[in-house]
Each structure stands twice: as C-alpha cells, then as structure tokens.
2 protein chains.
Amino acid sequence: MFWLEINTSSKVDSLQNLKNKILSYTKVDEEPLDYWLSFYEKIELKKGESLISAGQVVTHFYYLDSGCIYYYKMQDGETKVLEFYTDDVFFTDLPAYVKGAPSRYFLRATEDTTVYAIKKSDTEKSFDNSHQLERFGRLSMQEAFIKSYSRVERLNSRTNEERYVRLLEKRPGLLQRVPQYLIASYLGLTPVGLSKIRKRLMRA
Amino acid sequence: MFWLEINTSSKVDSLQNLKNKILSYTKVDEEPLDYWLSFYEKIELKKGESLISAGQVVTHFYYLDSGCIYYYKMQDGETKVLEFYTDDVFFTDLPAYVKGAPSRYFLRATEDTTVYAIKKSDTEKSFDNSHQLERFGRLSMQEAFIKSYSRVERLNSRTNEERYVRLLEKRPGLLQRVPQYLIASYLGLTPVGLSKIRKRLMRA
DNA sequence: AGGTTTTATTAAACCAGTTTAATGAGTTTC
DNA sequence: GAAACTCATTAAACTGGTTTAATAAAACCT
C-alpha cells in the first residue's frame with residue numbers, strides 16, 4: 001500500500017518531462033492530459049537492447065525520456081542509420097505504426113535508455129475524446145515533418161565534410177555517446193570515409 | 001449575374017478534387033467542409049512563374065490541383081531542388097509558414113499550374129471550430145512526414161544510379177515535364193553526372 | 001589483469017561523380 | 001527563318017569518396 005503510493009507518485013514524477021513536452025505544443029486541460037498520461041507504460045532498455053526489430057508489428061508510439069535510440073535498417077548486411085533519438089522526443093517507426101504492417105526497421109538503444117510507450121488504440125481513443133489532444137497530435141507531427149525536411153535539405157545540399165561539422169555543432173555530445181561508425185552511416189559514409197574527413201579537419 | 005452563377009458553380013466544381021482529397025483522410029461533415037473550402041482562392045501560374053520567393057513571408061497553405069511546382073533554394077548561385085509537387089498534393093514552405101519568418105526557398109511552376117490557397121489564419125480558425133478538420137490536419141501532416149522520411153531513407157541508402165531508376169519508376173512522366181538539370185539537382189547530382197548515369201544505363 | 005571483441009585509423013588501389021569547357025540539339029522570339 | 005537562348009551530352013583532368021586488408025587502440029568480459 002505504502003509502496004504503491006510511492007510508485008504512483010514516482011510514475012507521475014517521471015512523466016513530468018513528457019507532460020511538459022506535450023504542453024509545449026498547445027494548451028491541454030488537466031483532465032484529458034491525465035487521461036492521456038494514464039495510458040503510458042515505462043520501458044527500460046539496457047545498452048544494445050532493441051525496442052523494435054524488423055518483422056515486428058509496431059503498436060506503440062514512444063517518448064524518449066533519457067538515453068539514446070537509433071533507428072536503422074539492414075540492407076545487404078549493412079546497417080543504415082536513419083535517425084538518432086535523444087532526450088525528450090517522440091518517435092516510433094511511423095510507416096509501420098500507421099499501416100499496421102510489419103516494420104522494416106530496428107529501434108535499438110546505444111546506451112541505457114528509458115522510454116514511455118502508449119498503445120495506438122489508446123492514442124486514437126484519446127484523440128477521439130479530446131480536440132485538444134488531437135491538436136497536440138497535429139502539432140507534434142508538424143514538428144516532426146519540419147525536422148525531417150531539414151534533414152533532407154542537409155542531405156543533398158552540403159558536402160559530407162560540412163554535414164559532419166554541422167552535426168558536431170548541432171548535436172554536441174552525440175559523437176561521445178554513439179560509436180563513430182553509426183555516425184558515418186547516418187551521414188551516408190563508410191567508417192573509413194568519415195575517418196579521412198576527421199583527419200582532414202584535424203590538420204586544418 | 002448569369003456569369004456570376006456560372007463562376008460560383010465552376011468554383012465548387014474545380015474544388016471537387018480538393019474535396020475528395022480531404023475526405024480521403026477522414027470523415028468531415030458537409031458543414032465544416034464547406035466552411036473550409038469557402039476560404040480557398042484559385043491561383044493560376046504560367047510556366048516559370050513563382051508562387052513564393054526567398055525573403056517573402058509565407059501566409060498560405062496550398063493545394064496543387066494541376067501542373068507542377070518545384071521547391072528549391074539558391075545556394076552559392078546554384079539551384080538546389082528539394083521537392084517536386086505534382087497533381088493532388090498539399091504543400092507550402094512549411095518552416096516559414098509555421099514560424100511566420102521570411103522564406104529561404106522558392107516555389108515555382110515548371111509548367112502552367114493551378115493551385116488553391118488558404119490563409120493561415122483561416123486554417124487556424126477552421127481547426128478551432130472543427131475537431132474533424134483538426135484531424136484532417138493531423139493526418140495530412142502525418143502523411144507528409146512519412147513521405148519526407150522515405151525521401152531521407154532513399155537519399156542516404158542507395159547509389160545515385162539506383163535513386164535515379166527508382167525515381168523513374170515511382171514518378172513516371174516527371175522526367176517528361178521537368179528539365180533534366182532539375183532532376184539532377186533533386187538527386188544531388190550535377191547535370192553532367194546525371195547524363196553519365198543515363199549513358200551507363202543505356203548500354204546495360 | 002588478461003584475453004576477446006569491438007571500434008577507429010591507415011594505406012593503396014580504385015571508381016563514381018565533379019569541374020570546366022566545347023559541341024550539338026531543340027526552343028523561343030521577333 | 002535566322003538569331004538567341006536553353007538544355008543535354010561529351011571529353012579530360014581531377015577529387016573525394018569506396019573497398020579491402022592490416023594495424024592499433026578501447027571497451028568488455030569472467
């Protein structure tokens with residue numbers, strides 16, 4: 001009983017980041033917000049563990065509370081990294097989540113990571129019940145789209161060297177917590193290629 | 001008077017594609033849908049005309065009814081194409097639209113083109129008034145995000161040759177209506193590079 | 001701590017695309 | 001219908017990455 005209370009309050013506590021994140025998009029009243037939050041379950045991943053693997057059906061939308069997860073696929077035996085999710089972002093394998101089809105991707109922790117998960121059916125129920133939550137859904141999707149677009153922009157309008165430098169500036173610390181060959185893949189390079197670029201930059 | 005009536009009915013007529021497009025996302029009742037549609041104004045562009053130029057504030061969300069528009073930026077005097085919009089899609093310069101900041105991009109017609117435009121303030125009013133429209137907004141944004149993501153995926157996980165072939169398959173006809181150097185830019189190549197790839201493919 | 005595994009660097013040969021510049025084909029324009 | 005543009009191709013020299021393989025350095029066991 002006592003520990004249950006502790007547990008409950010600690011759950012609310014740990015959902016504080018998520019709560020703030022939601023409210024940063026739009027006003028949501030206490031009631032629908034608590035309703036929404038009540039559906040989340042906490043998932044703790046150890047370094048190297050997977051949240052989603054290719055072939056699985058994706059039934060949840062995730063919030064990354066702490067840690068780091070990379071989104072990748074295997075192609076001809078090679079790892080192709082599409083994105084790194086670090087603190088305080090929403091993510092899932094959206095194509096699979098939306099279509100209900102098996103995923104072609106992996107979501108795996110590069111370090112010990114805590115995420116919160118909400119079932120698709122619960123998000124839909126919540127969106128049905130609350131216009132405010134639906135708006136939150138729209139705005140968070142809009143933000144995701146803009147981020148993804150700026151990725152497209154960088155991908156085909158800068159040199160690899162510029163993109164690497166940019167990544168260092170824009171996400172300092174990422175290189176510290178993620179192995180370099182994953183960064184290389186994210187930039188569309190081989191580890192060897194990235195190493196050469198780094199060497200070039202050292203000299204300059 | 002007579003022509004006014006004609007004009008009105010022709011407006012409804014020409015908005016039929018747009019109406020169907022909206023309904024393909026989610027159910028929307030007649031009333032909010034007509035309210036939404038009532039805000040649109042038709043814009044006709046001749047080949048080579050611009051809808052948006054860098055420096056302008058972006059106040060509208062667009063629907064492309066017919067024709068083709070390319071979304072690009074100028075960088076060191078070079079045209080960098082980010083996207084081609086062809087029939088039956090929603091588009092705008094979203095980063096500028098959302099932030100209210102001046103655009104860093106251009107939206108220009110590669111051929112005679114008809115778009116319908118709705119003001120940002122009118123979309124916001126509509127979303128406030130109708131949960132159904134808000135949902136349409138969310139789902140259309142979600143679709144845009146997924147499309148953009150598949151673009152990211154292709155951009156850094158295929159060779160240029162594969163990406164060109166893919167583009168031919170996926171958007172047949174695009175090469176016919178758009179000059180090749182814009183396709184090259186879209187693929188992150190120079191016109192010379194694309195020409196070489198085409199030559200290589202001819203032989204094979 | 002010592003042995004295994006994982007990750008990063010280097011070297012050398014190679015290749016796909018760039019740059020620059022010239023040519024040629026197709027369109028516009030008056 | 002000739003002149004002026006625009007666009008696509010070709011060639012040649014170059015460059016920034018790849019591939020493969022070997023080595024070195026860190027991290028991870030037990």
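Proteins come first, then strands; the chains are lettered A, B, ... in the order of their sequence lines, and each starts at number 1. Heavy-atom basis, side chains included; hydrogens, waters and symmetry copies ignored.
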Self-check item: Interatomic distance where CG belongs to A:Leu189 and C1' belongs to C:dT7 [whole Å]
Solution: 17 Å

Quiz item: C:dT7 C1' sits how many Å from A:Glu111 CD, rounded?
Solution: 17 Å

Quiz item: Ion pair present between B:Arg177 and B:Glu111, side-chain N to carboxylate O less than 4.0 angstrom?
Solution: yes

Exercise. Using heavy atoms to find the nearest nucleotide of DNA chain D for B:Lys196 and B:Pro191 separately, return the residue whose nucleotide is more 5′.
Key: B:Pro191

Quiz prompt | Interatomic distance, A:Arg177 CZ vs C:dT7 C1' [rounded to whole Å] | solution = 19 Å

Practice problem: May I ask you to say whether A:Asp65 pairs ionically with A:Lys21, meaning some side-chain N is under 4.0 Å from a carboxylate O? | Solution: no

Exercise. Rounding to 10 degrees, work out the angle separating the end axes of the helix from C:dA1-D:dT30 to C:dC30-D:dG1 (five pairs an end).
Key: 60°

Quiz item: Is A:Glu153 paired with A:Arg158 through a side-chain N to carboxylate O contact shorter than 4.0 Å?
Solution: no

Exercise. Using the closest heavy atom to pick a nucleotide of DNA chain D for each, name whichever of A:Ile197 or B:Pro179 lands nearer the 5' end.
Key: B:Pro179

Exercise. For DNA chain D, note the earliest and the latest nucleotide, 5' to 3', having some atom under 4.0 Å of a heavy atom belonging to chain B.
Key: D:dC7 to D:dA11

Quiz item: How about A:Tyr85 and A:Tyr70: are their ring centroids closer than 6.0 Å?
Solution: no

Exercise. Evaluate the ring planes of A:Tyr72 and A:Phe106, with Trp represented by its six-membered ring, and classify them as parallel (under 30°), tilted (30 to 60°) or perpendicular (over 60°).
Key: parallel

Quiz item: In whole angstrom, what separates A:Gln176's CD from C:dA8's C1'?
Solution: 14 Å

Quiz item: Taking atom types as modelled and ignoring hydrogens, do the side chains of A:Arg151 and A:Tyr186 form a donor-acceptor contact shorter than 3.5 angstrom?
Solution: yes

Quiz item: Got a sec, which residues hit side-chain hydrogen bond (donor to acceptor under 3.5 Å, both in side chains) with A:Glu78, two or more places apart in sequence or on another chain?
Solution: none

Practice problem: Rounded to the nearest angstrom, tell me the gap between atom CG in A:Leu175 and atom P in C:dT7. | Solution: 14 Å

Self-check item: Atom pair distance, as rounded to whole Å: CD in B:Gln180 and C1' in C:dA25
Solution: 13 Å

Quiz item: Going by an N to O cut-off under 4.0 Å, is there a salt bridge joining A:Lys125 and A:Asp122?
Solution: yes

Quiz item: Is it true that the side chains of A:Tyr71 and A:Asp93 contain a donor and an acceptor less than 3.5 Å apart?
Solution: yes

Exercise. With DNA chain C as reference, determine whether A:Val192 or B:Leu194 sits nearer its 5' end, using the nearest nucleotide of each.
Key: A:Val192

Quiz item: Whole Å only: how far is the CD1 atom of A:Ile183 from the P atom of C:dA8?
Solution: 9 Å

Quiz item: Looking at the side chain of A:Lys199, which of C:dT10, C:dG17, C:dT7 is the nearest nucleotide?
Solution: C:dT10

